[in-house]
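Have a look at the structure below before the remarks.
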Amino acid sequence: MLGKAWNWIRTSQVWSSIFRHGIPRDRRTRVMAIMSNVFLHLHPVAVRKSGIRLSFTWCMGGLTFFLFLAETISGVLLMFYYRPVPEYAFADIIALRAHITLGLLREIHRWGAHAMIIAIWLHMMRVFLTGSYKPPREFNWGVGVILLVLTMLLSFTGYLLPWDQLAIWAITVGSNMGKATPFVGMQGPFTDMVQLAGVPLVTTKSDAAFMLLAGTSVGENALMRFYVLHCIALPLAAATLIAVHFWRIRKDGGISGPL
Amino acid sequence: METTAPAGRSTYRPPWRLLIGAALVIFMAIPIVTMVIFGDVPMPTSIDKFKEFTNRLSVPEVSLTFFFTPLFVAGFVFYKEWTKPVVAIPLGIVFTIFYFGSMVIDANYFAILEKPDNVPISMMLFGTGFLMWWAMRQAAINDENIRQGKPLLEGSKDDKVLVWPDLVYTELICIVIASAILVIWSIVLRAPLEAPANPEGPPNPSKAPWYFLGLQEMLVYFDPWMAGVVLPTMIITGLIGMPYCDTNPKGNGYYTVSQRPFIIFNWMFGFIVLWVVLIVFGTFLRGPNWNFYGPYEPWDASIQPAMTNINLSDYFWNGENLAGFGLGVGLPENMWLRELPGIIFTLAFCFGLPVLLARTVMRRMYLQMGALRFYFMAIHFVIMGMMPLKMVLRWVLTLKYFIYLPELNFNL
Ligand code: HEM
């Protein structure tokens, strides 16, 4: 009975329009399963046995990607509730905890972010220790480094959004560095020398920290700026580079291994 | 950089590893013995004395110099020994008992560890420790196999499997486990939320997010333009440039230490000691006014940091510092003349030293890599070396700046 129903489903027009191959039981259908799915075909069809062992990759790259997806999903859900202005931001965070069923969104998003930082460091350590950045993977290592920076910036911009004491002062400490940038930060070395006909080009209203904060201190403009960076610009950049990263893994011959 | 023994020479090798081991033990014993015998640090004979003992020895000048660095060197030299499960498992157990057991004996330590935003740091520590062991274990086995001409753990490239089912199922299992852990973590531990933002009232200490605390720790030794701008930039450029500089064709795609010891030692030193350990210092052990507190020490906001730091120009032009060395003529008026010693030192260190290295101890490497690669690598290398150098000079000579040009906001 069940077998019959299953058979009926599998031969229906709907099913066969979605899956263009049989159950992946033999070599041909297994290959087809990977090749005919846009997501799965990020993988090659066959990989080195050593490359997929847990002992080799520790699954850390995969875990980083998993956490990126988890952050994206929980982040979109958080955006439904959160308003990035000082009047509401903190109250919205409280409300997230108090009024929402299961109230775990913020927890998942925050712990996932911390975990992603740890996972990406450990992924980098694995790639380093297996020498997998060596030719032909030099470029993909470079893509990885940019991803590392983006991940830390994502985490950094997100840190401000709860708008509590922890948030603004951590970001103040961090963005004070912008003030110290040589040539373009107000308190940085040589900035006084950057002038045109005696008129200083870099002022408190135009230095590197101002560009970051849209103000001279962490205020409502900084909140908006960090919010947009955090929810749109940085995730888009990261997603794009992750796509490049994965594509290059295939093009560089799959996971590395001894020749 | 591998060394192949030229044929026909005597095969006698001094027992290097034994000698290094003995030297490290003596080196690590120095502060403990001297501070207990000549100082007022008690022997750890009771819990209170043990706490005092640990607090006193954990200050960065002692623990980084005499504990973490030698321990790192030992871990590198003896990676074949300590990664054996019979050694590694007891080590792991002892560390775990010490790490979490301390929560039982001390309220201050407990308060640090149970802060929600510090929980990831414990995870990082245990994760990094465990994976380091796993990597070094496989490297040890591989290196032994290479020596004996046996195949590597990673097998050969003809060993292939289909992605469906072997990989996709592994991925599925990983996703399920990771989701479960994330959800449980989120149920057990609430995300931290402090009082609403108050632009007027900074907390003391004000800390950056934990993953930047290695850099904030560097602020003790460098000005913000260095700790917050130049060093991070050089970490990024150094990492991106690394694959183009490492011309060693060996060790591509498998765990090994013996085939690429130089880069593994330096990279891991940067990652473990200068990044991970400094993060732990910054989060766990830096309290009000960025003072250092031992793990079992209460944080006390009334303690002001001692500020008796001296610049290189003071040392050079004034006589009374450093037991009367120096010219004793007083600081010159002209700022460039005043800072000339520091400027010369810095230029020599950042640019002269790489040239010197290329001509002497790193000559082989220089010839192998070519000038461009070598100098790119060497400049990053010496600037990384400047971090420990400045730390040691601060501790030993209370040196504040090599170059002190407040006229230009340029202090190094
Ligand atoms: C958002 C961040 C990242 C994601 C999602 C990601 C994901 C992945 C995945 C899934 C793999 C397959 C093998 C594995 O799991 O280890 C991989 C490989 C690789 N990753 Fe990443 N990665 C990220 C960041 C980085 C970083 C920071 C680096 C280095 C600085 C890096 C360098 C590489 C290289 C060179 C490979 C090829 C390794 C090999 O062939 O053995 N990636 N990455």
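All values below come from the heavy atoms of this structure, side chains included, with hydrogens, waters and symmetry mates left out. Letters A, B, ... are given to chains in the order of the sequence lines, protein chains preceding strands, and every chain is numbered from 1.
- At a heavy-atom cut-off of under 4.5 Å, chain A is reached by I236(B), L239(B), I240(B) from residues 231-240 of chain B, listed in order of number.
- The minimum heavy-atom distance between P203(B) and Q165(A), with the atom names listed, is CD-NE2, 4.3 Å.
- Residue A70(A) touches chain B through its side chain alone, counting heavy-atom pairs closer than 4.5 Å.
- With rounding to the nearest 0.5 Å, the separation of CG in N198(B) from CH2 in W169(A) is 7.5 Å.
- Residues A135(B) and L129(A) share a closest heavy-atom pair of CB-CD1, 3.6 Å.
- Contacts of W141(A) with chain B are made by side-chain atoms alone, with heavy-atom separations under 4.5 Å and no backbone atom involved.
- Around the CZ atom of R250(A), the shell of radius 6.0 Å holds more than 12 heavy atoms that belong to other residues, nucleotides or ligands.
- For chain A, the nearby parts of I263(B) are the backbone and the side chain; heavy atoms of each come within less than 4.5 Å.
- Across V229(B), L408(B), V161(B), the residue that shares the most heavy-atom pairs under 4.5 angstrom with chain A is V161(B).
- Annotation: salt bridge (Lys or Arg N to Asp or Glu O under 4.0 Å) contacts of D164(A) (sequence neighbours excluded): none.
- Between L67(A) and L182(B) there is a side-chain heavy-atom pair separated by less than 4.5 Å.
- Between F66(A) and C174(B), every side-chain heavy-atom pair lies at or beyond the 4.5 Å cut-off.
- Contacts between V168(B) and chain A at a heavy-atom distance below 4.5 Å involve the side chain alone, from C-beta outward.
- Ranked by heavy-atom pairs under 4.5 Å with chain B, the first of M193(A), K179(A), R137(A), M124(A) is M124(A).
- Residues G228(B) and M177(A) come closest through the heavy atom pair CA-SD, 3.4 Å.
- A pairwise comparison of heavy atoms in W225(B) and P182(A) identifies CE3-CG, 4.0 Å as the closest pair.
- Two residues are said to be in side-chain contact when any heavy atoms from C-beta on lie closer than 4.5 Å; T128(B) and L122(A) meet this criterion.
- A distance of 5.0 Å separates CG in D166(B) from CD1 in I52(A), rounded to the nearest 0.5 Å.
- The side-chain heavy atoms of M125(A) and M132(B), taken from C-beta on, include a pair separated by under 4.5 Å.
- For a residue to count as touching a neighbouring chain, one of its non-hydrogen atoms must lie under 4.5 Å from one of that chain's; by this rule V45(A) touches chain B with backbone and side chain alike.
- Taking chain B as the reference chain and counting heavy-atom pairs below 4.5 Å, the highest number among S256(A), G142(A), P258(A), G257(A) is found for P258(A).
- Looking at L189(B), both its backbone and its side chain come within 4.5 Å of chain A, counting heavy atoms on both sides.
- Partners of Y244(B) by side-chain hydrogen bond (donor to acceptor under 3.5 Å, both in side chains), not counting sequence neighbours: none found.
- Two residues are said to be in side-chain contact when any heavy atoms from C-beta on lie closer than 4.5 Å; R30(A) and P165(B) meet this criterion.
- Put simply, the side chain of N252(B) gets close to the backbone of P135(A): a donor and an acceptor are under 3.5 Å apart.
- Contact annotation for P192(B): both backbone and side-chain heavy atoms come within less than 4.5 Å of a heavy atom of chain A.
- Put simply, CE on M123(B) and CD1 on I117(A) are 14.5 Å apart, with the number rounded to the nearest 0.5 Å.
- We find the CD1-CG distance between I255(A) and L167(B) to be 8.0 Å, quoted to the nearest 0.5 Å.
- Heavy-atom pairs under 4.5 Å with chain B were tallied for P162(A), G188(A), G253(A), G131(A); the largest tally goes to G131(A).
- Residues V173(A) and K207(B) are not in side-chain contact: their nearest non-hydrogen atoms beyond the backbone lie 4.5 Å or more apart.
- Pairing each heavy atom of A178(B) with each of L63(A), the nearest pair is CB-CD1, 3.7 Å.
- Q138(B) places a side-chain N or O within 3.5 Å of a backbone atom of S55(A) that can act as its donor or acceptor partner.
- Taking the six-membered ring for Trp, H43(A) and W164(B) have ring centres at least 6.0 Å apart.
- For Q216(B), the part lying under 4.5 angstrom from a heavy atom of chain A is the side chain only.
- Heavy-atom distances place both the backbone and the side chain of Y254(B) under 4.5 Å from chain A.
- Looking at V163(B), the atoms closer than 4.5 Å to chain A (heavy atoms on both sides) sit in the backbone and in the side chain alike.
- In this pair, W185(B) and W111(A) present their aromatic rings parallel. The plane angle is below 30°, not in the 30 to 60° band.
- Atom CZ of F130(B) sits in a crowded spot, with more than 12 heavy atoms from other residues, nucleotides or ligands closer than 6.0 Å.
- Under the rule for a side-chain hydrogen bond (donor to acceptor under 3.5 Å, both in side chains), the partners of T29(A) that lie at least two apart in sequence or sit in another chain are D26(A).
- Among I34(A), V31(A), V218(A), the residue making the largest number of heavy-atom pairs under 4.5 Å with chain B is I34(A).
- For chain A, no part of I403(B) is nearby; none of its heavy atoms comes within less than 4.5 Å.
- When atom types are taken as modelled, the side chain of K134(A) and the backbone of K250(B) share a donor-acceptor pair closer than 3.5 angstrom.
- R126(A) CZ to W134(B) CH2: the interatomic distance, rounded to the nearest 0.5 Å, is 12.0 Å.
- Using a 4.5 Å cut-off between heavy atoms, S217(A) does not touch chain B at all.
- A cation-pi arrangement is found for R260(B) relative to F128(A), the charged atom lying closer than 6.0 Å to the ring centre and inside a 45° cone about the ring normal.
- Surrounding CZ of R190(B) are more than 12 heavy atoms belonging to other residues, nucleotides or ligands, all under 6.0 Å away.
- Between W58(A) and Y255(B), the ring planes lie parallel to each other; the angle is under 30°, not in the 30° to 60° tilted range.
- Residues Y211(B) and M152(A) share a closest heavy-atom pair of O-CE, 3.8 Å.
- Contact tally against chain B (heavy-atom pairs below 4.5 Å) for K49(A), H114(A), R53(A): the top residue is H114(A).
- Contacts of L152(B) with chain A are made by side-chain atoms alone, with heavy-atom separations under 4.5 Å and no backbone atom involved.
- At least one side-chain heavy atom of R106(A) sits under 4.5 Å from a side-chain heavy atom of L193(B).
- In this structure, chain B has no heavy atom under 4.5 Å from any part of L69(A).
- Note that OG of S186(B) is 6.0 Å distant from CG of L104(A), once rounded to the nearest 0.5 Å.
- Within a 6.0 Å sphere centred on CZ of F126(B), heavy atoms belonging to other residues, nucleotides or ligands number more than 12.
- Side chains of I187(B) and E107(A) form no contact here, defined as non-hydrogen atoms less than 4.5 Å apart.
- Interface summary for chain B: among G219(A), A180(A), A91(A), G51(A), the most heavy-atom pairs under 4.5 angstrom belong to A180(A).
- Proximity to chain B (any heavy atom under 4.5 Å) is restricted, for M186(A), to the backbone atoms N, CA, C and O.
- For chain B, the nearby parts of S155(A) are the backbone and the side chain; heavy atoms of each come within less than 4.5 Å.
- In this structure a side-chain-to-backbone donor-acceptor pair under 3.5 Å is missing from Y133(A) to D246(B).
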